[in-house]
Amino acid sequence: MKRRVWLLARKIFLWLFIGQLCYIILLRWVNPPFTVTQVASLLKGNGLHRDYVSYNAMSPYAKLAVMAGEDQLFPDHNGFDVKAIKLAVKYNKKHPARVRGASTISQQVAKNVFLWQGGGFFRKGLEVYFTFMIENIWPKKRILQMYLNVSEMGKGIFGVQAAAWNYFGKDAVDLSQYEAAQIAAALPNPVKYTVKPLSRSVAVRSGNIIMQMNNLQSDPDIQELIK
C-alpha cells in the first residue's frame, strides 16, 4: 500500500514538473491568460484593466524607469542581487516593523506570473525556483516585457499599456520620461501610492527615479535593453 502511494505521488509530481516546465517555455513567446493577482483583483471588486503589448510598443522611458526604480543591476545579475539581499536582511533585523525587500525584476516576474502575493518560506522558495528557471529560459528582454505587462500599476490596473491609458490617455509607446517615472514610482505599492491623484510619495520618488534614469541611460547594457 505504501509503495502504491509513493508511486502515485511520484507520478503526480513528475507530471506537475513537466507541466510547469512546458508552461514556462510556452510563456517565452505567449502571454499568460491570467495571473493569481489579477484574479484576486477581480474577486476583491477592483476590476481588471490590462492590455498586453509587444516590447516595441513600450516606451524606452518605461523600460528605463522600472530598472532605475526597481532593479538597476537587472542587465547584469542572474536573477538575484546578493548584495541587496544582504543589506535588506541586515536592515530588517534592526527594523522589524519596517521590512525592506530586495526583489529583482526577475523575482517579481516569478511572483507575479506564477505565484501569489505575500510572504512565507514556501512561496519564497518557489519564487527562487521560478526566478532561476525564467533567467535560464527567457531572454532579459522577455523578462522585462513580462514585468511591464503583468505588474499591478494601480488598483485593478495591470501593465504599462493600461496604466498609460488610465493615467495619461495615451499608448505606452508614447510615455514621456516624467510619465514613465511616475508609473514606476507607484510600483512598490500601486494601491497606496497613486499616480492619479498624484500622491506625495509618487511625486517625490518619481523625481529620484528621473535622476537615476539620467545616470543609467548611457550604460551600454541598459541601452541594449531599452531599444
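Nothing here was measured: the structure is a model prediction, and the numbers come from that model.
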Could you check whether any side-chain heavy atom of [X] comes within less than 4.5 Å of a side-chain heavy atom of [Y], counting everything from C-beta outward?
X	Y	answer
Phe168	Ser176	no
Leu144	Val66	yes
Phe158	Ser151	no
Gln107	Asp71	no

For residues 120-150, pull every pair meeting ring pair (Phe, Tyr, Trp, His ring centres under 6.0 Å), keeping only residues two or more places apart or in separate chains.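 Found Phe114-Phe130.
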Which atom names give the shortest non-hydrogen contact between [X] and [Y], and what distance separates them?
X	Y	answer
Arg50	Ala162	CA-CB, 3.9 Å
Thr131	Gly79	CG2-O, 3.6 Å
Leu64	Ile226	N-CG2, 3.9 Å
Leu175	Ala62	CD1-CB, 4.4 Å
Met146	Val30	CE-O, 4.4 Å
Asp221	Pro75	CB-CB, 3.8 Å

Less than 6.0 angstrom from the centroid, inside 45 degrees of the normal: does Lys63 satisfy that with respect to the ring of Tyr55? yes
Quick one: [atom1] on [X] to [atom2] on [Y], what's the gap to the nearest 0.5 Å?
X	Y	atom1	atom2	value
Ile137	Leu26	CD1	CG	11.5 Å
Ile183	Ile157	CD1	CD1	9.0 Å
Leu48	Thr35	CG	OG1	8.0 Å
Ser201	Tyr193	OG	OH	5.0 Å
Leu73	Met67	CG	CE	11.5 Å
Ile222	Met213	CD1	CE	10.5 Å

Please test Gln145 against Val53 for side chain to side chain contact (heavy atoms under 4.5 Å, CB included), starting from the C-alpha separation and ending with a verdict. CA-CA 8 Å; Gln145 178 191 7; Val53 291; over 6 Å; no
Test item: side-chain donor near acceptor, [X] and [Y], under 3.5 Å:
X	Y	value
Gln72	Gln212	yes
Gln108	Ser103	no
Ser206	Gln182	no
Gln177	Asn214	yes

So, does [X] use its side chain to make a donor-acceptor pair with the main chain of [Y] at under 3.5 Å?
X	Y	result
Asn215	Met211	yes
Tyr167	Glu179	no
Ser59	Asp174	no
Gln217	Gln223	no

Run the side chain to side chain contact (heavy atoms under 4.5 Å, CB included) check on His77 and Ser106 step by step: do they pass? CA-CA 10 Å; His77 63 60; Ser106 302; 3.9 Å; yes
Salt bridge (Lys or Arg N to Asp or Glu O under 4.0 Å), that's the test. Do Lys140 and Glu135 meet it? Break it down for me. CA-CA 7 Å; Lys140 285 284 188 178; Glu135 276 282 342; 2.9 Å; yes
Applying the 4.5 Å side-chain criterion to the ILVMFWY set and letting contacts propagate, would [X] and [Y] be lumped into a single cluster?
X	Y	result
Trp116	Val113	yes
Trp165	Met153	no
Ile143	Tyr23	yes
Leu115	Phe80	no
Val173	Leu225	no

Output a table of donor-acceptor pairs, distance under 3.5 Å, between side-chain atoms of residues 5-18 and any protein atom two or more places apart or on a different chain; print 'none' if there are none.
none

Please report the C-alpha distance between Asp171 and Met58 in whole Å, then the side-chain angles of each, then the deciding distance to 0.1 Å, and finally whether the side chain to side chain contact (heavy atoms under 4.5 Å, CB included) criterion is met. CA-CA 8 Å; Asp171 287 318; Met58 298 172 175; over 6 Å; no
Under the side-chain hydrogen bond (donor to acceptor under 3.5 Å, both in side chains) criterion, do Asn149 and Gln161 qualify, and how do the steps go? CA-CA 7 Å; Asn149 267 329; Gln161 176 71 0; over 6 Å; no
Please indicate whether Lys155 has more than 12 foreign heavy atoms, meaning atoms of other residues, nucleotides or ligands, lying under 6.0 Å from its NZ.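 Open: at most 12 neighbouring heavy atoms sit under 6.0 Å from NZ of Lys155.
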Mark yes when over 12 heavy atoms from residues, nucleotides or ligands other than Lys170 sit less than 6.0 Å from its NZ; otherwise mark no. yes
Going through the distances and angles, do Glu70 and Arg205 end up as a salt bridge (Lys or Arg N to Asp or Glu O under 4.0 Å)? CA-CA 11 Å; Glu70 295 293 302; Arg205 191 164 186 263; 3.4 Å; yes
Other than Phe34, what residues sit in its cluster of Ile, Leu, Val, Met, Phe, Trp and Tyr side chains whose heavy atoms are under 4.5 Å apart, directly or through others? Val39, Leu43
